Structures are given as C-alpha cells and as structure tokens.
Number of protein chains: 2
Amino acid sequence: MPKSTFFNLPETKRRRIIDAALEEFSSKNYDQVSVSSVADAAGIAKGSIYQYFDDKLDLYRYLLDCAIGEKLAYFSDGVTLGGEDLFEDLEVLTAAGARFARDRPRYHELAARFAESPVRERILPDLKDQSAAFLRHMVDRAHDLGRIRGDVSPKLALYFLNTLLSEFGTYLLREYAADWNRVGSEDACDPVMREVGELMRLIRFGLAPTGEVPEDD
Amino acid sequence: MPKSTFFNLPETKRRRIIDAALEEFSSKNYDQVSVSSVADAAGIAKGSIYQYFDDKLDLYRYLLDCAIGEKLAYFSDGVTLGGEDLFEDLEVLTAAGARFARDRPRYHELAARFAESPVRERILPDLKDQSAAFLRHMVDRAHDLGRIRGDVSPKLALYFLNTLLSEFGTYLLREYAADWNRVGSEDACDPVMREVGELMRLIRFGLAPTGEVPEDD
DNA sequence: CATTATTATGACCGCTCGGTCACTCCAGGT
DNA sequence: ACCTGGAGTGACCGAGCGGTCATAATAATG
C-alpha cells in the first residue's frame, strides 16, 4: 500500500505520477520498467518514489488496484448475470470488457500485460483461475440446462470462451486504436458494440453458413 | 549463427547444451534467462557459451531456428492446403499444430513464449503477421466462395480463428500435460485428435444446440 | 523570525547481468 | 619430447538495476 505521503500529495502531482507509471507499466513488462524511468517521466527524483511507495512492487500493485477498481465498475453495471440464457450473460460480460478496453485503454493494457506476466504469481497467484472458474460455472450450468450442444466437452467449451473473451479487448484496441468516437457507450450503432454482437453470433453459431449442420461422429 | 566450434562438438555434448538452453528458454522469458544458468545446466563454463555463440541472442535465435524447423516439418506433411474447403484446411493446420505441441512440448513452449516476447521485434518483427496473413488469405477466399456466413466481417473471423488456433497447443499441453499415450500420432482415437475435431465443430457450428438459427439483425 | 517537522533529492551501495580475456589444457603433428 | 593451435575456463569489467540515506529545501508552528 502506498504511504500516507502519497495521498497527501496535491491532486495534480499525484495524477502526474500515476499517469507516468501507468504509461510505463502498460507499455512494458514489469521487469523492463525501471523506477528511474517512471520518476523521470513524472518529473521527480527516483528517491521520491520511495517516499510514496515501499518499493517497485508496491507501486505496481497500486496501479493494478486502480485498474481492477475501474474494471469492476464496468462489470458491476451488468448485475443481471446468472440468468437462464448463457449467451445473454456472455454478451453482458463481453460488452463490459469491451467498454472498459475502449474507455480505459491504458488500464486494459496494464491488466492484459499483468495476466501474462511472471509477476502475477507474486501478487495474485490465481487471478486467471478466478475468472476461468466463473466462466466454468456458467458453462457447466448451461450444459446441464441443455443450452449448449451436448456433444462439446465443457473443458473445450471453457477454452473456447475463455480464449475468445480474454483476448477480445486487445483485438478491439488493435483494430480501433486510431480515432473512434467515444460517444454512445452502449449504443448499438457504436462499432465496438457491433463487434460484440458479431462475436456473440460467432460463438453461438460458428463460421459455417446458416443451414449447414454438424453430422454425428 | 553458431560458430564452427559448436558444430565440431561431439554429438552428446552439443545435445546437452541444446537441451539445457531449451529447458531454460522454454520455461522463462528471454530476459529472465541468464547465460550462466544455461552454462550451469549444461555443465560447462559461462565462457564456453561464447566459444559456440556470438552472444546470448545468437544462442536464442539458434534454438528458435531449431523449433521452427521442427514445426515446419509437421506442417509440410499436410501439403494439401489451399483446397476448396476452408474447414478441411483449418483442420489440417490445427492437427499439425496439435501434434507438434504434443510431440515437441519444449519447442512449442519456446515458440509460444517467443511470440509474446519483446525480443520478437529484435529477430522476426512480423512473425505473427505472417501466420495471420496466411489465415487472412484463407478467410478472404472462403468469404468470397461463400463458405462462411456472409454477415461476419473477415476481420473478426480472422481474430476468431487466429486466437483459437494459436492458443490451442498451449491448451492441449495444459490439459494433457500429465501422461498421455504418445502412440497413434494421427489416430482418430487419440484424445488430442478428438479435441481437434471438437474444436473444428465449435468453429463451424458454435456452441448453440443444433437447430437454433441466427436471426437477422 | 526561529524552530521544528515533513518532503525532495541524487550520490551512493550491493548485486546481477552480458560479455571479455589472459591463461590453462590437451590432442596431434614432427 | 616438443611444439602448436584450437578448446575450455573463471576472474574480471562496465552497465544498469532496486533500494538507501545524509543532506537540502520547504512548510508548518509558536
């Protein structure tokens, strides 16, 4: 946790430090980021960083907490989960993740980098497992309710969903990185929301033209 | 490129070095691997590494070349690509990737780690783009031939396939890491090949129970 | 203004890393 | 037995890192 000194800082300076650290940690891996570079980018001395944080990991963890807080805000809007329809729930999840990536791209990149990084084990050893466990629960229930094809193993279905959902934000940022209109955050005309809908149809019905049907095997 | 000294080495010693380096570079990121640790694992002095390779990157690149060579061998078996049926080609690709991951897990891990690593830009700036460009070509053609639903954008279809295929090997290793029977490399009873078939059905027909059909939008 | 408490600083420390090099070792030719 | 040249070695170097600390600057207090 940051030291009290950090929270006593004038708002503008605190923001400058957060932004500088966020810029660094969202564009490079934890080990590639040096405390000096963050200090330089924030326009302060390296020693000052240690007035605000216990160590490099403390700074990083604080940034992550901010990111998680922001992200949760997007997900807690859609409190409607656990419904009867798996695909409706999936769409709510995907849309929340997509809006987060669109509105808070640096935080998204930070979180994505973190998920793949070796430091993860030093902070949240099982973050991935948590989100995967949540998805697994949804998949198993849908399987029992017969809302997904009976002949797909839940394990593979979980892989299918987990992979597609967790990479989707990065895909959106890559494709729409340039200038997209940040208006209409839930508007169906929003290109991002159109992509979410398209992805959902791919997940439900696949790539094959409508009418083709799986033969038994 | 390794120095001639390396190729003059007795077979067993060369293998010991390759295996040691492979073990290190497949389990840690490039920057986390130290030349000393490789030397220790191989039972030689650090200075000796520099008798065989120009520098650390040279050693790493050599390993990658080995991995790519091995992998290509698996893919060149299925020379039948470019056929009429996208899904047949996809299955050939996926099966080759799956067999590679199953038979050469260390090489697979090395390649997977490389694809996400910052060193990639120092060696093959556009490796991902190559494989993506290949897939894009297949997707575009299938789109023109009407072999995939007309209402999915090729860009998203490319994301869909690229993500699912490139993570699939890692999924297999995670799920079957323990003891699987390495016999029957193409046998349909092989659990790995069963998974390939299942994944292909997911890609074609999605998760929804057969009979459900996408409404227009 | 003087005194005290708090914050800011960059020189410095210990460590690890990639890479070098003077030296040793050893096989084979004469 | 001697020489020679390639192969093997580990002490060593400079650079960069995370982290510390004596000191300086600033703010707060009376």
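In the text below, chain A, chain B and the rest are named by the order of the sequence lines, each starting its count at 1. Treat the numbers as computed from the prediction; the structure is a model and nothing was measured.
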| message | Tell me whether the side-chain N/O atoms of N8(B) come closer than 4.0 Å to OP1 or OP2 in dA7(D). | response | yes
| query | Checking all strands, does S48(B) fall into the base, sugar-phosphate, or nothing category for heavy-atom contacts under 4.0 angstrom? | reply | base
| Nearest-nucleotide 5' precedence on DNA chain C, Q51(B) against P10(A) | P10(A)
| note | Across all chains, not counting sequence neighbours, the side chain to side chain donor-acceptor pair (under 3.5 Å) partners of E116(A) are none
| said: Using whole Å, what does the distance between atom C1' of nucleotide dC17(C) and atom NZ of K46(B) come to? | reply: 7 Å
| message | Within the 4.0 Å heavy-atom criterion, would you say K13(B) contacts the bases, only the backbone, or no part of the nucleic acid? | response | sugar-phosphate
| query | Distance only, no hydrogens: is a donor on one side chain within 3.5 Å (strictly under) of an acceptor on the other, for E195(A) and Y171(A)? | reply | yes
| field | Cation over ring face, K56(A) and Y30(A), 6.0 Å, 45° | value | yes
| Just how far, in rounded Å, is P of dA7(D) from OH of Y52(B)? | 9 Å
| said: In this structure, how many angstroms lie between the C1' atom of dA7(D) and the CZ atom of R14(B), rounded? | reply: 16 Å
| What does V38(B) touch in the nucleic acid at a heavy-atom separation under 4.0 angstrom: a base, only the sugar-phosphate, or nothing? | nothing
| task | Classify the angle between the aromatic ring planes of Y74(A) and F100(A) as parallel (below 30°), tilted (30 to 60°) or perpendicular (above 60°). | result | perpendicular
